[in-house]
Amino acid sequence: DCLSDVPETRDSLLLRAANPADHDAWEQFARAYGPVAYAVARRAGLQDADSHDVAQQVLISASQSLQDWQKREDGCRFRHWLFRIARNATIN
């Protein structure tokens with residue numbers, strides 16, 4: 001299960017990473033979740049280079065949407081949201 005590869009989500013990191021000025025938080029976020037996106041792409045059969053591209057796309061998408069995700073109240077957990085972004089990027 002790919003979701004088991006997602007590290008435990010710290011709300012404090014998500015809040016900090018949503019701030020474009022907090023470079024340290026973004027580095028932590030990218031180190032934690034970039035490999036998850038890469039793994040989703042590899043498991044879908046993409047080659048190494050393509051999987052790295054997908055991981056980069058996922059991090060870009062997350063950075064652009066993280067503040068909006070914070071405001072959601074539909075009960076969607078972060079790991080499901082990130083996995084959905086990774087799966088969609090892999091399909092595209």
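For this chain, numbers begin at 1 and follow the sequence in order. Remember, predicted model here, so these are calculated numbers, not experimental data.
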Can you name the closest pair of heavy atoms from [X] and [Y] and give their distance?
| X | Y | result |
| --- | --- | --- |
| I85 | S61 | CG2-CB, 3.9 Å |
| A55 | A37 | CA-CB, 3.7 Å |
| A25 | A17 | CB-N, 3.7 Å |
| A18 | L66 | N-CD2, 3.6 Å |
| W81 | A62 | CH2-CA, 4.0 Å |
| A89 | V58 | CB-CG2, 3.9 Å |

Rounded to the nearest 0.5 Å, what separates atom [atom1] in [X] from atom [atom2] in [Y]?
| X | Y | atom1 | atom2 | value |
| --- | --- | --- | --- | --- |
| Q67 | L14 | CD | CG | 12.0 Å |
| I60 | Q56 | CD1 | CD | 5.0 Å |
| Q57 | T90 | CD | OG1 | 8.5 Å |
| R87 | H80 | CZ | NE2 | 10.5 Å |

Check: V40 and V54 side chains under 4.5 Å, non-hydrogen atoms: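 V54 vs V40: side chains apart.
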Counting C-beta onward and ignoring hydrogens, is there a side-chain heavy-atom pair between R42 and D48 closer than 4.5 Å?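 They are in contact (side-chain heavy atoms under 4.5 Å apart), so the answer is yes.
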Check the pair F29, L59 against side-chain contact (heavy atoms from CB on, under 4.5 Å), reporting the backbone distance first and the verdict last. CA-CA 9 Å; F29 182 90; L59 290 175; 4.0 Å; yes
Could you see if Y38 belongs to whatever hydrophobic cluster contains W26? Use Ile, Leu, Val, Met, Phe, Trp, Tyr and a side-chain cutoff under 4.5 Å.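 No, it is not one cluster - the side chains of Y38 and W26 are not joined through contacts under 4.5 Å.
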Do L13 and F83 belong to the same hydrophobic cluster, where Ile, Leu, Val, Met, Phe, Trp and Tyr are linked whenever their side-chain heavy atoms lie under 4.5 Å apart, directly or via other members?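 As far as the 4.5 Å side-chain criterion goes, F83 and L13 are not connected within one cluster.
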D24 side chain to Q28 side chain, donor-acceptor N/O pair below 3.5 angstrom: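 Judged by distance alone, the side chains do pair up.
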